[in-house]
Amino acid sequence: MSRKRTRENLELLKAAGYSGRVIELYGNKVNVGLIENPDVALAYTGPCGDTIKLYLKINKDKVIEDAKFQYLGCPASAACGSILTQIIKRKRLQEAKEITEDDVLKEMGGLPDVECHCAELAVTTLHKAISKYEEKEKKFS
Ligand code: FES
């Protein structure tokens, strides 16, 4: 995408009521990408049809060392993925399990009302990824 096109898109997001923080995260693609050899990776598609795939690196003390994500969806889902991956880095799995969509929304300065479910997509993906990791750990312990 050209620089001019990107700037135009960011202007459209501003006009649509997105906060400066959301526009910044979306524009900079914070933590977008994948982790080679993650301890767990999980893709989840929400009821709206958008998908987030989350990659986590978890150390032996059950602390999330790294988190990245890929997405197929709206700008809000991308911003929620960015903020979520920022929030969970250096957190214990137990703490990460307690993160709610309200935590994500608060941290990002809110979303337009029609986009609030995008935070749910990111948080549900996190909770499912942690469950998958714990199931895997149980099998090998
Ligand atoms: Fe589906 Fe945003 S519209 S996650």
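Side chains are part of it too, since the values below use all heavy atoms of this structure and drop only hydrogens, waters and symmetry mates. In each ligand, atom 1 is the first atom listed, and ligand 1 is the first ligand listed.
K138 forms no cation-pi arrangement with F140, by the criterion of a distance under 6.0 Å to the ring centre and an angle within 45° of the ring axis.
Salt bridge annotation for R21-E107: absent, with no cationic side-chain nitrogen under 4.0 angstrom from a carboxylate oxygen.
Within the protein, the N, O or S atoms lying under 2.8 Å from atom 2 (Fe) of ligand 1 are C74 SG, C118 SG.
For the residue pair V22 and A79, the shortest heavy atom distance occurs at CG1-CB, 3.5 Å. Closest non-hydrogen pair, A16 versus P112, comes out as O-CG, 3.7 Å.
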Go through E98 and R92 one step at a time and tell me if the salt bridge (Lys or Arg N to Asp or Glu O under 4.0 Å) criterion holds.
CA-CA 10 Å; E98 289 163 15; R92 300 188 148 276; over 6 Å; no

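A side-chain donor-acceptor contact under 3.5 Å links K89 and N31.
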